[in-house]
> 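My questions all concern the structure below.
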Amino acid sequence: MAELLRALRAAATALAFAAALAGCAVTQPKPPEVDLPATPAPTAAQLALLERWWLAFGDPALVALVDEALASNLDVASAFARVELARAQVLLAQSYLYPYGNLVVGASRSRISGVGSTPLPAGTPLVSNNLSVGIELGYELDLWGKYRSGTLAARNELAASRYFRESVRAAVAADVASAYFRLRAADAELRLLEDTLKSREDTVRLQRDRFDGGIVGEYDLRQAEAERSAVVANIARARQGIGLLEGALATLAGRPPREVYAPIVARAGPSGPMLSVPELPADLPSGLMERRPDIRRAEALLAASELRVQQARAAYYPSISLTAAYGSESAALADLFTSPASVWRFGAALLQPLIGLKGIEANVQSSEAIRDQAIVGYRQTVQTAFREVHDALVVHRTAREILVAESARRDQLASALEVANLRYDAGRTSFLEVLDAQRQLLSAETQRIAAARDTQIAIVSFARALGGGWEPATLADAMP
């Protein structure tokens, strides 16, 4: 037993020396430098504004839909499963950093031949038993950082999976809001068309009475009927769009198939502020986009790929393994746990690859190619993010101007229709002028609704481009 203790102390000393040699060899890689525009750092108030930007619309139905989607959306659920898989991979990678131990229990029974060139001593049993019980320990010294690189790479991959989950959550929130505003716009358009249909039916009745009285010809009557039919067709299209959007929202919300087949989507009533659009502060810095989860994910994947290269290169160097065993071995169960039956073993082994170097080289080159792809992917992600911010800023700045202009155009065409009706009633113009004024007014009212929708969606795109819709504080344990 004393010899075993001395051997274990020597092994512990060697292990501590090896750890001191390689303790600081593996560090977190830094992302490559990217030429970014100078932007001010975001404030805490600006970050809080973007984390749940959908609250700024003051629409409880929208808030309820987004919360439902974030809790039940299937893409979000799949992203959560990916996080759990990455977490398990971290635990697996960490397991190689520690010694392993096994309890070994064995029993065997054997018979030797009694016939041979050398006679057996008298009384030698031909059948014998062998019983053993013991503990085996083993540990591979991580002198070159192979397992520490793998562990840090796995932790970066776990962080990337968490950032991916947050990217999905942010995208789902934006998709729900965009679909909701399209649905609100479709509802408003349907109400407009239904009101217009009543007006067109009144016009058809009036023209029929005039036709029957010989005041107008058949051409005016048929034109009025054609305009009514056009509105009926547009009503059908609006109802079709509403049905498709309701199905899309039910799917985004993660509802069961029965509710997707017959969706019921709550929204603000007709008196809701369809044309009321909130304003985001004009001084929001584009530097907010640097917190976007997709950029953080690309950075984590790049770091993981660099660490995988280090892990692959470590295979060129020798590996040193320490093993130890202690237990008892006896032919009889009664003697198994007695002192004379104790056995122990301690050893060390060095393994240096010789012939398989081509395979190691191929693995290194493969890891380097993946690393190079990750560098390009990181640069592309940053480039795409800045383009999205640029586009969102352009749309956000002009959408409200379009809404104001379309609202003014609608009011002007409403006045023009009144004038056309007066001129027609006075016999100073044909019915075609009235029809043209009606068409233009309907188009202007439709465009005003579309402009309000686009302004709301522009705010959604702007908030999403700046990295809104997720809370970085929830990922405090994500980064290595």
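We're numbering straight along the sequence, starting at 1.
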> Is the shortest side-chain N to carboxylate O distance from Lys358 to Glu361 below 4.0 Å?
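So Lys358 pairs with Glu361 through a salt bridge.
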> Please identify each residue that fulfils salt bridge (Lys or Arg N to Asp or Glu O under 4.0 Å) with Arg397, with sequence neighbours left out.
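Arg397: no salt bridge (Lys or Arg N to Asp or Glu O under 4.0 Å) contacts found.
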> Taking only Lys NZ, Arg NE, NH1 and NH2, and the carboxylate oxygens of Asp or Glu, determine whether Glu201 and Arg228 approach each other closer than 4.0 Å.
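Result for this pair is no, no salt bridge flagged.
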> Without swapping roles, check the side chain of Ser161 against the backbone of Leu158 for a donor-acceptor pair under 3.5 Å.
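Indeed, once roles are kept as given, a pair shorter than 3.5 Å links the two residues.
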> Quick one: list whatever passes side chain to side chain contact (heavy atoms under 4.5 Å, CB included) with Ile402, sequence neighbours left out.
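With sequence neighbours excluded, Ile402 shows a side chain to side chain contact (heavy atoms under 4.5 Å, CB included) to Glu406, Ala451, given in chain and number order.
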> Going by heavy atoms in the side chains, are Ser415 and Asp411 under 4.5 Å from each other?
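Side chain of Ser415 against side chain of Asp411, heavy atoms only: no contact under 4.5 Å found.
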> Under 6.0 Å from the OH atom of Tyr96, do we count more than 12 heavy atoms belonging to anything else shown?
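No.
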> Taking the side chain from Trp144 and the backbone from Pro318, do they hold a donor-acceptor pair closer than 3.5 Å?
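Yes; judged by distance alone, with no hydrogens or angles, the pair exists.
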> Do Phe431 and Asp436 make a side-chain contact, defined as non-hydrogen atoms from C-beta onward lying under 4.5 Å apart?
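Sidechains of Asp436 and Phe431: no contact.
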> Any salt bridge between Asp67 and Arg52, counting N to O under 4.0 Å?
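Judged by the 4.0 Å cut-off on N to carboxylate O distance, Asp67 and Arg52 do form a salt bridge.
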> Taking Asp220 for its side chain and Val216 for its backbone only, find out whether a donor-acceptor pair lies under 3.5 Å.
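Absent.
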> Can you confirm whether Pro31 sits close enough to Tyr378 that some side-chain heavy atom of one is under 4.5 Å from a side-chain heavy atom of the other?
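A side-chain contact under 4.5 Å exists here.
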> Just by distance, with hydrogens left out, do Asn73 and Glu68 show a side-chain donor and acceptor under 3.5 Å apart?
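Judged by distance alone, the side chains do not pair up.
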> Would you sort out whether Glu227 and Arg439 count as a side chain to side chain contact (heavy atoms under 4.5 Å, CB included), showing the intermediate values?
CA-CA 8 Å; Glu227 287 300 313; Arg439 293 191 197 103; 2.7 Å; yes
> In terms of side-chain geometry, is the basic nitrogen of Arg162 or Glu166 positioned less than 4.0 Å from the acidic oxygen of its partner?
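Result for this pair is no, no salt bridge flagged.
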> Run Tyr317 and Leu143 through side chain to side chain contact (heavy atoms under 4.5 Å, CB included) and show every step you take.
CA-CA 9 Å; Tyr317 306 108; Leu143 294 176; over 6 Å; no
> Got a salt bridge between Glu194 and Arg239, using NZ or NE/NH1/NH2 to carboxylate O under 4.0 Å?
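Salt bridge flag = yes for Arg239 with Glu194.
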> Looking only at the side chains, is there a donor atom on one of Asp59 and Tyr180 sitting less than 3.5 Å from an acceptor on the other?
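Yes, a side-chain donor-acceptor pair sits under 3.5 Å.
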> What I want to find out is whether Glu299 reaches Arg296 closely enough, with some N-O distance under 4.0 Å, to be called a salt bridge.
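Salt bridge between Glu299 and Arg296, a charged N being under 4.0 Å from a carboxylate O: no.
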> Please name the pair of heavy atoms, one in Arg255 and one in Val265, separated by the smallest distance, quoted to 0.1 Å.
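Closest approach of Arg255 to Val265, heavy atoms only: NH1-CG2, 4.3 Å.
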> Within the 3.5 Å criterion, strictly below it, is a donor on Arg237 or Gln240 matched to an acceptor on the partner's side chain?
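Note: Arg237 and Gln240 side chains miss the donor-acceptor criterion.
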> Counting distance only, does the side-chain N/O of Arg292 pair as donor-acceptor with the main-chain N or O of Leu466 below 3.5 Å?
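No, the answer is negative, given that no donor and acceptor are paired below the 3.5 Å cut-off.
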> By side chain to side chain donor-acceptor pair (under 3.5 Å), which residues pair with Glu433, not counting sequence neighbours?
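Side chain to side chain donor-acceptor pair (under 3.5 Å) list for Glu433, sorted by chain: Arg423, Thr429.
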> Tell me, please, which residues at least two apart from Arg464 pass side chain to side chain donor-acceptor pair (under 3.5 Å).
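Applying side chain to side chain donor-acceptor pair (under 3.5 Å) to Arg464 gives none.
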> For Ala315, check side chain to side chain contact (heavy atoms under 4.5 Å, CB included) against everything at least two apart and list the hits.
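Scan of Ala315 (side chain to side chain contact (heavy atoms under 4.5 Å, CB included), adjacent residues dropped) gives Ile360.
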> Which heavy atom of Ser461 sits nearest a heavy atom of Ala392, and at what distance?
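Result for this residue pair: O-CB, 3.9 Å.
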> Just by distance, do the side chain of Asn234 and the backbone of Ala230 share a donor-acceptor pair under 3.5 Å?
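It does hold such a pair.
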> Can a donor-acceptor pair be found, under 3.5 Å and without considering hydrogens, that links the side chain of Ser178 to the backbone of Asp175?
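No; judged by distance alone, with no hydrogens or angles, the pair does not exist.
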> Pick from Gln447, Glu445, Arg448: which one makes a side-chain contact (heavy atoms from CB on, under 4.5 Å) with Arg409?
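Single pass found, and it is Gln447.
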> Can you give me the closest heavy-atom contact between Thr455 and Ala399, atom names plus distance?
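Answer, listing the atom of Thr455 first, then Ala399: OG1-O, 3.3 Å.
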> Salt bridge check: are Arg182 and Glu189 linked by an N-O gap of less than 4.0 Å?
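Not counted as a salt bridge, because no side-chain N and carboxylate O are separated by less than 4.0 Å.
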> Between Phe57 and Ile459, is any pair of side-chain heavy atoms under 4.5 Å apart?
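Side-chain contact under 4.5 Å: yes.
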> Which heavy atom of Glu157 sits nearest a heavy atom of Ala304, and at what distance?
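Glu157 and Ala304 have their closest heavy atoms at CG-CB, 3.7 Å.
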> Just so I know, are the side chains of Glu140 and Ile320 near enough to count as touching, which here means a heavy-atom distance under 4.5 Å?
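Glu140 vs Ile320: side chains apart.
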> What residues, two or more places apart in sequence or in another chain, satisfy side chain to side chain donor-acceptor pair (under 3.5 Å) together with Arg371?
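Applying side chain to side chain donor-acceptor pair (under 3.5 Å) to Arg371 gives Glu306.
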> Side chain to side chain contact (heavy atoms under 4.5 Å, CB included) for Val394 and His390? Distances and angles first, verdict last.
CA-CA 6 Å; Val394 170; His390 168 269; 3.9 Å; yes
> Among all residues two or more places apart in sequence or in another chain, which pass the side chain to side chain contact (heavy atoms under 4.5 Å, CB included) test with Ala177?
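Per chain and number, Ala177 pairs via side chain to side chain contact (heavy atoms under 4.5 Å, CB included) with Trp53, Leu62, Phe181, Val460.
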> Got a sec, which residues hit salt bridge (Lys or Arg N to Asp or Glu O under 4.0 Å) with Asp391, two or more places apart in sequence or on another chain?
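Per chain and number, Asp391 pairs via salt bridge (Lys or Arg N to Asp or Glu O under 4.0 Å) with Arg387.
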> Mind checking side chain to side chain contact (heavy atoms under 4.5 Å, CB included) for Ala369 and listing every partner two or more places apart, or none if nothing turns up?
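Side chain to side chain contact (heavy atoms under 4.5 Å, CB included) check on Ala369 returns nothing, list empty.
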> Please set out all donor-acceptor pairs under 3.5 angstrom arising from side-chain atoms of residues 242-253, sequence neighbours excluded.
unit_1	atom_1	unit_2	atom_2	d
Glu246	OE2	Arg267	NH1	2.8
Glu246	OE2	Arg267	NH2	3.2
Thr251	OG1	Gly247	O	2.9

> Does some side-chain heavy atom of Leu301 sit less than 4.5 Å from a side-chain heavy atom of Arg297?
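They are in contact (side-chain heavy atoms under 4.5 Å apart), so the answer is yes.
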> Applying side chain to side chain donor-acceptor pair (under 3.5 Å), name anything that partners Glu259, two or more places apart in sequence or on another chain.
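Result, side chain to side chain donor-acceptor pair (under 3.5 Å) vs Glu259: none returned.
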> Do Lys198 and Thr203 come within less than 4.5 Å of each other through their side chains, counting heavy atoms only?
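Of all side-chain heavy-atom pairs linking Thr203 with Lys198, none is under 4.5 Å.
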> Quick check: does any side chain N or O of Asp294 sit under 3.5 Å from a backbone N or O of Ser167, one acting as donor and the other as acceptor?
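Between the backbone of Ser167 and the side chain of Asp294 there is no qualifying donor-acceptor contact (under 3.5 Å).
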> One pair to check against side-chain hydrogen bond (donor to acceptor under 3.5 Å, both in side chains): Gln94 and Tyr147. What are the steps and the verdict?
CA-CA 8 Å; Gln94 289 175 338; Tyr147 296 128; over 6 Å; no
> Just verifying a value: how many Å separate Leu92 CG and Thr151 OG1, rounded to the nearest 0.5 Å?
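The CG atom of Leu92 sits 9.0 Å away from the OG1 atom of Thr151.
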> Main chain of Lys146, side chain of Ser149: is a donor-acceptor contact present, judged purely on distance under 3.5 Å?
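Not a single qualifying donor-acceptor pair exists.
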> What pairs with Arg208 under salt bridge (Lys or Arg N to Asp or Glu O under 4.0 Å), at least two apart in sequence or on another chain?
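Glu225.
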> For Tyr316 and Gln352, which heavy atoms make the closest approach, and how far apart are they?
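Smallest heavy-atom distance, with atoms named: O-NE2, 3.1 Å.
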> Does Leu350 CG have over 12 foreign heavy atoms under 6.0 Å away?
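Atom CG in Leu350 is crowded, with more than 12 foreign heavy atoms closer than 6.0 Å.
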> If you apply the rule side chain to side chain contact (heavy atoms under 4.5 Å, CB included), what do you find for Arg155 with Gln89, and how did you get there?
CA-CA 9 Å; Arg155 292 180 63 188; Gln89 293 298 321; over 6 Å; no
> What are the two closest heavy atoms between Leu403 and Ala452, and how far apart are they?
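Leu403 and Ala452 have their closest heavy atoms at CD1-N, 3.7 Å.
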> In the structure I gave you, are the side-chain heavy atoms of Arg205 and Arg200 within less than 4.5 Å of one another anywhere?
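Answer no - side chains too far apart.
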